[in-house]
Chemist: 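Following this message is one structure expressed as structure tokens.
Order of listing sets the numbers, starting from 1, for every ligand and every atom in it.
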Amino acid sequence: MHILQTVAELRAARHPGQKIALVPTMGNLHAGHLSLVRMAREHGDLVVTSIFVNRLQFAPHEDFAQYPRTFERDCELLAGCGCDIVFAPSDAEVYPEPQGYTVHAPSELAGILEGAVRPAFFTGVCTVVVKLFNMVQPAAAVFGKKDYQQLLVIRSMVRQLALPIELVSAETVRNSDGLALSSRNGYLSGSQCTQAAQLHAALSTLATAVNSGRTDWQTLEQEALEFLSAAGWQPDYVAIRRRIDLGAPAAGTPSGSEPLVVLAAARLGSTRLIDNLEI
Ligand code: PAF
């Protein structure tokens with residue numbers, strides 16, 4: 001496995017005709033990321049994992065400085081799961097000058113849920129993802145469903161900007177208690193780690209209620225919010241949405257008539273977690 005820092009090195013390492021499958025990450029890798037890397041192998045001859053903590057997607061009050069940087073361990077994990085190249089550009093390689101051109105996703109998709117709580121987030125994500133696509137020039141790129149809205153935003157960006165990239169999505173990897181693997185789980189204390197599984201439990205309860213025929217979306221969302229608040233969380237949102245565009249399903253739409261997803265974001269102490277379940 002090669003560890004490369006510059007676009008010039010990356011271009012030199014690629015043989016003509018080789019099809020790159022890219023897994024963009026911010027490092028601090030866990031089994032969820034490794035499943036993306038294994039999936040990438042099925043979509044290209046050369047698997048590139050990028051590790052870049054993108055300051056553009058963090059608001060000034062967020063955890064950019066604190067975000068765990070575990071480069072050596074990440075490389076060991078990647079070497080063990082079939083990654084060919086780790087692309088770890090410096091901040092100056094990605095942003096050699098102030099980033100005046102940015103990619104703004106439409107507010108119907110990117111201004112809701114995560115975008116309502118983190119207004120600059122998707123601009124930061126879309127901008128760096130387009131830059132990584134241009135730098136790495138992959139034929140395919142793999143993203144996890146754990147960041148469901150991010151996946152939809154990137155999918156619509158690829159479609160609308162006609163980027164010649166196959167977008168592959170991968171299922172969320174969970175602990176045995178249901179907690180979705182996330183780099184931010186590392187911020188949780190031992191007791192918070194146990195408590196964190198409540199987020200998945202709240203979504204599962206909601207999914208079961210929908211599957212059993214309930215269509216009172218707002219009441220269901222409210223019940224889940226109350227459950228989380230009573231358990232000591234500070235929820236930002238719990239939302240039952242259409243999978244296709246994250247729009248709210250019409251009142252009383254029978255479940256099963258259109259694919260739905262339930263999404264939540266909530267804070268446990270100072271750690272903000274997100275999760276979702278397709279219904
Ligand atoms: O999901 C992430 O880790 C990041 O948002 C991404 C896609 C690598 C862009 O920085």
Chemist: With side chains defined as the heavy atoms from C-beta onward, is the minimum distance between V168 and E166 less than 4.5 Å?
Modeler: yes

Chemist: State whether the side chain of D275 and the backbone N or O of A264 hold a donor-acceptor pair below 3.5 Å, judged by distance alone.
Modeler: no

Chemist: Does the cation-pi check pass for R267 over Y237, that is, NZ or CZ under 6.0 Å from the six-membered ring centre and within 45° of its axis?
Modeler: no

Chemist: Could you verify whether a donor N or O on one side chain and an acceptor N or O on the other, from D63 and Y187, lie under 3.5 Å apart?
Modeler: yes

Chemist: Would you say Q150 has any N or O atom under 3.5 Å from an N or O of ligand 1, going by distance alone?
Modeler: yes

Chemist: Out of all atoms in ligand 1, which are within 4.0 Å of some heavy atom of P24? Include the element for each.
Modeler: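 This gives 8 (C) as the contact atoms.
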
Chemist: To which protein heavy atom is atom 9 (C) of ligand 1 closest, and what is the distance rounded to 0.1 Å?
Modeler: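 Minimum-distance protein heavy atom for atom 9 (C) of ligand 1 reads Q57 OE1, 3.3 Å.
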
Chemist: Under 4.0 Å from any heavy atom of V128, which atoms of ligand 1 are there?
Modeler: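 The atoms of ligand 1 under 4.0 Å from a heavy atom of V128 are 9 (C), 10 (O).
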
Chemist: Between T25 and ligand 1, which part of the residue brings a heavy atom under 4.0 Å of the ligand: side chain, backbone, both or neither?
Modeler: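 Only the backbone of T25 comes within reach of ligand 1.
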
Chemist: Would you tell me whether Y67 and E62 have side-chain atoms, one donor and one acceptor, within less than 3.5 Å of each other?
Modeler: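 E62 and Y67 do not have a side-chain donor-acceptor pair below 3.5 Å.
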
